[in-house]
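First up is the structure itself, then whatever we jot down about it.
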Amino acid sequence: VQLQASGGGLVQAGGSLRLSCAASRSIFSERVMGWYRQAPGKQRELVATITTGGSTDYVDSVKGRFTISRDNASNSVYLQMNSLRPEDTGVYYCRAGLISPFYWGQGTLVTVSS
């Protein structure tokens, strides 16, 4: 397994979760890392990205609430999610790379109850 995501779960609205994704060094280094999510019945969407230098970008709906970070020493990327809303519910995926070749991790389910 080249990408392993974890940290999902059930949380009440307003709560927090921290997602983690451990990658193999061969696909982590020199690649932009991203978190995506797919809500039930919807297409997968990009949530946040982080470059090797630490520059970040977020979809408007999570700005100010989510923080993406990476630890290049441990080949890991994280997504700290605060002030969670029911509309944040979905399966969250980490991805290594923005252009081909890119690699997906398995998803981790986040459920936010109202």
Side-chain angles (χ1 to χ4, degrees):
V1 177
Q2 293 184 304
L3 286 168
Q4 186 78 29
S6 61
L10 173 64
V11 63
Q12 288 189 330
S16 298
L17 282 174
R18 186 181 192 232
L19 306 183
S20 300
C21 178
S24 60
R25 181 171 181 78
S26 63
I27 66 170
F28 182 87
S29 60
E30 299 183 4
R31 280 191 171 89
V32 174
M33 298 297 294
W35 284 98
Y36 293 69
R37 67 186 177 191
Q38 188 164 18
K42 295 188 177 181
Q43 289 189 331
R44 194 173 297 188
E45 67 169 345
L46 176 61
V47 175
T49 59
I50 185 167
T51 68
T52 55
S55 296
T56 59
D57 197 13
Y58 301 89
V59 68
D60 285 346
S61 60
V62 308
K63 286 180 179 177
R65 301 188 297 121
F66 290 11
T67 303
I68 188 171
S69 61
R70 68 189 290 162
D71 180 356
N72 293 331
S74 64
N75 304 319
S76 297
V77 63
Y78 306 97
L79 187 68
Q80 177 66 43
M81 305 185 295
N82 298 328
S83 302
L84 282 161
R85 304 167 180 169
E87 54 263 39
D88 295 318
T89 293
V91 179
Y92 284 69
Y93 300 87
C94 59
R95 178 168 132 170
L98 286 181
I99 59 174
S100 183
F102 50 80
Y103 304 87
W104 289 101
Q106 94 291 358
T108 185
L109 177 62
V110 172
T111 304
V112 185
S113 63
S114 56

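Judged by distance alone, with hydrogens and angles left aside, the side-chain atoms of Q106 form a donor-acceptor pair with the main-chain N or O of A5 at under 3.5 Å. For the pair T49 (side chain) and G34 (backbone), a donor-acceptor distance under 3.5 Å is absent.
Linking ILVMFWY residues whenever their side-chain heavy atoms come closer than 4.5 Å, directly or via other members, places V32 and Y93 in the same cluster. Cluster membership for I50 and L17, using ILVMFWY side-chain heavy atoms within less than 4.5 angstrom, is shared. Hydrophobic clustering, with ILVMFWY side chains joined whenever heavy atoms are under 4.5 angstrom apart, keeps L98 apart from Y92.
Atom CZ of R44 and atom CZ of R37 lie 13.0 Å apart (nearest 0.5 Å). Between the CG atom of L3 and the OH atom of Y103 there is a distance of 9.5 Å, given to the nearest 0.5 Å. Between the OG atom in S114 and the CZ atom in R85 there is a gap of 14.0 Å [rounded to 0.5 Å]. How far CE of M33 is from OG of S76: 8.5 Å, rounded to the nearest 0.5 Å.
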* Asked: Which is it for L84 and F66 under the side-chain contact (heavy atoms from CB on, under 4.5 Å) test, yes or no, and what are the steps along the way?
  -> CA-CA 9 Å; L84 282 161; F66 290 11; 3.8 Å; yes
* Residues N72, F28; criterion side-chain contact (heavy atoms from CB on, under 4.5 Å); working and verdict -> CA-CA 8 Å; N72 293 331; F28 182 87; 3.2 Å; yes
* Asked: Could you go step by step and tell me if D60 and K63 meet the salt bridge (charged side-chain N to carboxylate O under 4.0 Å, His left out) rule?
  -> CA-CA 5 Å; D60 285 346; K63 286 180 179 177; 3.0 Å; yes
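Residues M81 and V62 fail the side-chain proximity criterion, which asks for heavy atoms closer than 4.5 Å. Between L46 and V59, the closest side-chain pair of non-hydrogen atoms is not below 4.5 Å. At a threshold of 4.5 Å between non-hydrogen side-chain atoms, the residues C21 and R70 do not count as touching.
Among residue pairs with one or both ends in residues 29-53, those qualifying as ring-ring contact (aromatic ring centres under 6.0 Å, His included) are Y36-W104; sequence neighbours excluded.
In this structure, R65 is not positioned above the aromatic face of Y58 in the sense of NZ or CZ being under 6.0 Å from the six-membered ring centre and within 45° of the axis. In this structure, R18 satisfies the cation-pi test against Y78, with its NZ or CZ atom closer than 6.0 Å to the six-membered ring centre and inside 45 degrees of the ring normal.
Under the side-chain hydrogen bond (donor to acceptor under 3.5 Å, both in side chains) criterion, S16 pairs with N82, not counting sequence neighbours. When the side-chain hydrogen bond (donor to acceptor under 3.5 Å, both in side chains) test is applied to R95, no partner is found at least two apart in sequence or on another chain.
Contact detail for V110 and D88: the closest heavy-atom pair is CG1-O, 4.4 Å. What you find for A39 and T89 is that their closest heavy atoms are CB-O, 3.6 Å.
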